[in-house]
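Worksheet for the structure shown next.
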Number of protein chains: 4
Amino acid sequence: MTKIERAATGRARSGRGATASDKDVAASAGRPRSEEAHQAILDATLALLGEVGFSALTVEGVAGRAGVGKATIYRRWASKLPLVVDAFGGLPALEDADTGSLASDLKVMLRSYLELFNKTPLAAVLPALASERAHDPALAELFDPVLLQRRSPLVQALERAVARGEVSADLDLDLAADLIVGPIAVRLFFTGRKIQAKMVDPMVDMALGGIARPR
Amino acid sequence: MTKIERAATGRARSGRGATASDKDVAASAGRPRSEEAHQAILDATLALLGEVGFSALTVEGVAGRAGVGKATIYRRWASKLPLVVDAFGGLPALEDADTGSLASDLKVMLRSYLELFNKTPLAAVLPALASERAHDPALAELFDPVLLQRRSPLVQALERAVARGEVSADLDLDLAADLIVGPIAVRLFFTGRKIQAKMVDPMVDMALGGIARPR
Amino acid sequence: MTKIERAATGRARSGRGATASDKDVAASAGRPRSEEAHQAILDATLALLGEVGFSALTVEGVAGRAGVGKATIYRRWASKLPLVVDAFGGLPALEDADTGSLASDLKVMLRSYLELFNKTPLAAVLPALASERAHDPALAELFDPVLLQRRSPLVQALERAVARGEVSADLDLDLAADLIVGPIAVRLFFTGRKIQAKMVDPMVDMALGGIARPR
Amino acid sequence: MTKIERAATGRARSGRGATASDKDVAASAGRPRSEEAHQAILDATLALLGEVGFSALTVEGVAGRAGVGKATIYRRWASKLPLVVDAFGGLPALEDADTGSLASDLKVMLRSYLELFNKTPLAAVLPALASERAHDPALAELFDPVLLQRRSPLVQALERAVARGEVSADLDLDLAADLIVGPIAVRLFFTGRKIQAKMVDPMVDMALGGIARPR
DNA sequence: TCGTAAGCGAGACGGTACGTCGAGTCTTGCT
DNA sequence: AGCAAGACTCGACGTACCGTCTCGCTTACGA
């Protein structure tokens with residue numbers, strides 16, 4: 001009732017006759033959720049992920065660190081998993097680089113991405129979420145689009161290479177993307193050592209040139 | 001550690017022949033540990049890993065399923081992590097195949113390995129352990145040798161290919177191995193779909209031939 | 001306190017006549033408190049007291065039942081205790097009866113009071129408030145005058161009996177009142193059974209005549 | 001366990017020596033419950049009842065004070081109510097006194113009982129339990145027998161008085177008992193003042209002699 | 001007649017306690 | 001000394017209310 005009136009007013013104001021796209025519906029009864037608390041929670045989550053890792057992360061700990069009641073967290077996220085997915089989604093992703101050649105695009109992108117692994121809890125979060133994904137379809141639904149979006153610059157670089165004729169037009173781009181990041185994933189998951197920036201060139205070169213000696 | 005204990009116990013029980021000189025003296029006062037219980041615990045662990053996944057696996061549950069007291073588990077493993085590592089170590093690994101060509105070696109090996117993912121909790125366990133590894137150096141120490149050993153057939157196949165001249169002698173074999181299994185790892189960790197056997201050929205071909213169109 | 005406010009508001013709304021001199025000045029800026037909400041809250045409180053009892057009574061529940069925001073309750077009462085005291089104060093009390101003899105006065109009064117126990121949440125509220133009273137002096141201050149007022153018809157009946165010469169002039173009337181209602185209190189607090197109306201006569205007779213056989 | 005103790009006591013009292021049929025079989029699998037913890041919990045409960053009262057008593061507080069985990073409390077009592085009933089049952093009760101006359105029996109008994117009100121949390125616990133009793137039949141079942149047993153010395157004193165001819169043989173002893181303790185109950189529940197020892201004599205005298213002036 | 005100040009329902013806020021669960025340890029009596 | 005059973009302390013879980021605090025709104029008064 002009130003809601004309808006308000007929505008109507010809003011629409012009237014924006015003077016866009018039938019604009020179906022009104023997103024701000026549903027609007028508020030009661031006190032609105034605190035954007036401040038929201039951010040404090042995500043920040044605390046990332047901080048603690050970096051400090052104690054995923055499995056030792058407790059909702060209670062996040063609440064304490066964020067200066068927030070537990071209920072305020074549970075009002076927004078059903079459990080620590082979607083919370084971590086959301087926090088993870090806020091971390092920087094692959095940054096596209098368009099240098100004119102596939103090899104150098106990839107090298108620039110991967111090198112700067114590797115830096116993120118050393119600056120953010122990314123390395124701790126990724127395997128943990130991957131692990132939970134398997135047994136929790138609801139998590140998969142949250143997690144997958146985030147992942148997809150994060151690797152899209154990689155696919156774009158490959159598409160540019162196709163356009164340039166650097167790679168064959170009937171290449172399976174998805175598989176190619178997996179091949180490029182594969183070694184990083186393997187070493188991230190199964191190795192303690194930090195992955196060194198100088199590994200990027202051999203990785204990219206081998207992925208592009210292949211293992212087998214060209215006859 | 002656990003393996004050593006098991007080996008020692010096993011030896012003590014079975015062969016009395018050469019034993020006097022053995023170093024595993026100290027041996028038994030009191031009742032020896034039950035090999036039966038040991039195996040029941042590992043079996044229950046694998047069964048539950050498959051059913052509920054790693055994060056919902058509880059020591060209490062394992063004890064119940066194995067018909068064993070909790071203390072009997074803690075007497076052998078310090079916590080659920082080394083227990084799972086041990087159980088994981090009991091799963092079948094890559095099986096070497098020597099067919100005369102690198103491509104077909106790899107295809108045979110990967111195809112049969114993919115089958116294991118569908119038959120065992122491997123797919124559930126690997127990412128979970130990888131995730132814990134990061135924040136638990138003690139776990140890394142247990143886990144890494146197991147991993148290394150499991151991929152050794154892959155490296156051997158590559159070494160044979162070097163010997164045959166199929167690949168260049170100065171190839172970084174470790175990196176090559178990562179490149180080959182990379183796409184599988186990526187899809188295992190970040191995808192819900194089971195990896196299909198028919199993906200193996202394109203994967204191996206792309207890894208061997210490279211992404212870039214040979215000029 | 002609350003009563004004073006209510007009275008003041010009521011007067012302010014209706015009569016404008018004699019008001020200038022009234023002390024309840026300061027009066028209104030802004031919207032006056034809703035008498036409707038006030039009553040809805042008290043009604044909801046009594047209803048819920050009857051349904052779920054005192055300890056399961058929540059302010060949130062009262063607000064919900066009364067169709068009122070929590071703040072509207074806290075604006076009027078500091079907590080659920082004074083609220084319940086107020087609600088309790090609205091329940092009917094002992095009703096004086098002047099029949100000419102102490103015995104029959106008491107029997108009439110107690111009989112009709114017992115009926116209230118079966119029709120109102122009185123039986124649930126009294127022990128609860130008594131229990132809180134002990135550790136909450138502020139509550140005592142609210143509660144005691146209400147109690148005193150409620151039993152005054154009893155004392156008046158006794159005073160009439162003194163005047164008539166039915167009882168000795170130097171009788172401790174307060175103690176006598178306690179003796180009369182004592183058995184009801186004991187049974188109310190420590191017994192599940194409803195107190196039956198037919199118990200009233202023996203109770204009063206025994207209180208008046210005493211336990212000991214007159215020699 | 002408490003039940004067992006009570007049953008045991010009962011049996012011992014009824015002195016049926018040879019009950020071979022001991023029901024407490026079932027006996028031990030696993031570690032037996034710690035009698036030490038049991039007592040520590042009851043002690044902590046009584047201490048806290050005295051300090052903060054019933055409604056501010058928390059299970060968490062009891063656990064902390066007793067140096068015990070919460071689960072250890074919940075393993076024995078379903079909630080704080082039965083716990084408090086049990087603790088209450090451990091408090092001293094009316095102590096029988098046989099002086100040869102009803103009046104002096106009662107005066108001695110009540111006087112020493114009043115002392116308990118000042119030394120134990122009795123005064124805080126009784127109204128609280130009475131209040132909860134109403135809406136919790138399970139509690140009533142625990143609470144009633146304890147109450148009954150606690151007032152039995154009073155009934156016994158009355159029975160002796162009947163035997164002696166001090167009171168009429170067809171007196172309703174239960175009602176008489178209620179009349180005697182009635183004033184104490186009323187003042188306990190509805191008055192802040194401690195009940196003074198010197199009130200005992202007038203109370204007993206009025207209960208025995210009656211309110212009405214003997215004609 | 002209109003501004004303004006308080007009241008209104010709604011519901012989020014930081015907290016505290018709830019009752020449950022599992023971790024890892026300890027204590028039974030038995031083997 | 002190992003075994004199954006199960007109680008132990010501890011600490012996190014997710015829920016429910018507490019009493020307080022915005023929200024956007026209504027409502028009456030006094031300028």
Side-chain angles (χ1 to χ4, degrees), chain A residues 1-3 5-6 27-34 36-38 56-61 63-64 66-76 78-80, chain B residues 28-34 36-37 56-61 63-64 66-80, chain C residues 12-13 27-34 36-38 56-64 66-80, chain D residues 27-34 36-38 56-61 63-64 66-76 78-80:
Chain A
M1 183 196 320
T2 303
K3 276 171 189 173
E5 290 175 296
R6 218 173 327 149
S28 45
R31 178 174 178 174
R33 296 199 178 164
S34 156
E36 211 174 324
H38 198 95
L57 183 78
T58 66
V59 174
E60 221 145 51
V68 139
K70 276 199 290 177
T72 299
I73 296 181
Y74 283 109
R75 212 173 281 123
R76 296 152 199 267
S79 72
K80 91 172 179 179
Chain B
S28 45
R31 177 176 178 177
R33 294 194 180 168
S34 154
E36 213 174 322
L57 181 78
T58 66
V59 173
E60 223 145 50
V68 138
K70 279 201 290 177
T72 300
I73 296 181
Y74 282 107
R75 209 172 285 121
R76 295 164 152 85
W77 296 277
S79 74
K80 93 172 177 179
Chain C
R13 179 134 59 82
S28 46
R31 178 177 179 174
R33 295 193 180 167
S34 155
E36 211 174 323
H38 199 98
L57 182 78
T58 66
V59 172
E60 223 143 47
V62 171
V68 137
K70 280 200 291 175
T72 300
I73 297 181
Y74 283 107
R75 208 173 286 121
R76 294 163 152 84
W77 296 278
S79 74
K80 95 172 177 178
Chain D
S28 46
R31 177 174 178 175
R33 294 198 178 163
S34 155
E36 211 173 325
H38 199 95
L57 182 77
T58 67
V59 174
E60 221 146 48
V68 139
K70 276 200 290 177
T72 299
I73 296 181
Y74 283 108
R75 211 173 282 122
R76 294 151 200 269
S79 73
K80 94 173 178 178

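Letters A, B, ... are given to chains in the order of the sequence lines, protein chains preceding strands, and every chain is numbered from 1.
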Quiz item: D/Y74 versus D/V59: any side-chain heavy-atom pair under 4.5 Å?
Solution: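 Answer yes - side chains close enough.
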Self-check item: Contact check, side chains of A/I73 and A/K70, non-hydrogen atoms, under 4.5 Å
Solution: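 SC-SC contact between A/I73 and A/K70 ruled out.
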Which of the following nucleotides, [options], is nearest to the side chain of [X]?
{"X": "A/V68", "options": "E/dG14, F/dC18, E/dG19", "result": "E/dG14"}
{"X": "D/R31", "options": "E/dC26, F/dC18, F/dC21", "result": "E/dC26"}
{"X": "A/A37", "options": "E/dC13, E/dG7, E/dT20", "result": "E/dC13"}
{"X": "A/R33", "options": "E/dC13, F/dC18, F/dC3", "result": "E/dC13"}

How many Å lie between [atom1] on [X] and [atom2] on [N], as a whole number?
{"X": "A/E36", "N": "F/dC23", "atom1": "CD", "atom2": "C1'", "result": "16 Å"}
{"X": "D/I73", "N": "F/dC10", "atom1": "CD1", "atom2": "C1'", "result": "13 Å"}
{"X": "B/E60", "N": "E/dG22", "atom1": "CD", "atom2": "P", "result": "6 Å"}

Students often get this wrong, so: under 4.0 angstrom with heavy atoms, is [X] touching a base, only sugar-phosphate, or nothing?
{"X": "C/T58", "value": "sugar-phosphate"}
{"X": "B/A71", "value": "base"}
{"X": "A/K70", "value": "base"}
{"X": "D/G67", "value": "sugar-phosphate"}

Exercise. Could you pick out which residue, D/L57 or B/G61, lies toward the 5' side of DNA chain E when each is mapped onto its nearest nucleotide?
Key: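 This one resolves to D/L57.
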Quiz prompt | Residue closer to the 5' end of DNA chain E, D/P32 versus A/R75 (nearest nucleotide) | solution =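 Here A/R75 is the residue nearer the 5' end.
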Quiz item: Hey, does the side chain of D/R76 come within less than 4.0 Å of F/dC8's phosphate (OP1/OP2), counting only N and O?
Solution: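 It does, given that an N or O in the side chain of D/R76 lies less than 4.0 Å from OP1 or OP2 of F/dC8.
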Quiz item: Can you check whether A/T72 has a side-chain N or O nearer than 4.0 Å to OP1 or OP2 of E/dC13?
Solution: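 Yes, because at least one side-chain N or O of A/T72 sits under 4.0 Å from OP1 or OP2 of E/dC13.
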Quiz prompt | 5' priority, DNA chain F, between C/S79 and A/K80 [closest heavy atom] | solution =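 The residue closer to the strand's 5' end, by nearest nucleotide, is A/K80.
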Quiz prompt | Nearest-nucleotide comparison on DNA chain F, the residue closer to the 5′ end among D/A66 and A/Y74 | solution =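 Nearest nucleotide further toward 5': that of D/A66.
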Practice problem: Please report the closest heavy-atom contact between D/G69 and D/A63, naming both atoms and the distance. | Solution: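 Looking at all heavy atoms of both residues, the shortest contact is C-CB, 4.2 Å.
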Exercise. List the atom of A/A37, the atom of A/R76, and the distance in Å for their closest heavy-atom pair.
Key: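 Here A/A37 and A/R76 meet closest at CB-NH2, 4.3 Å.
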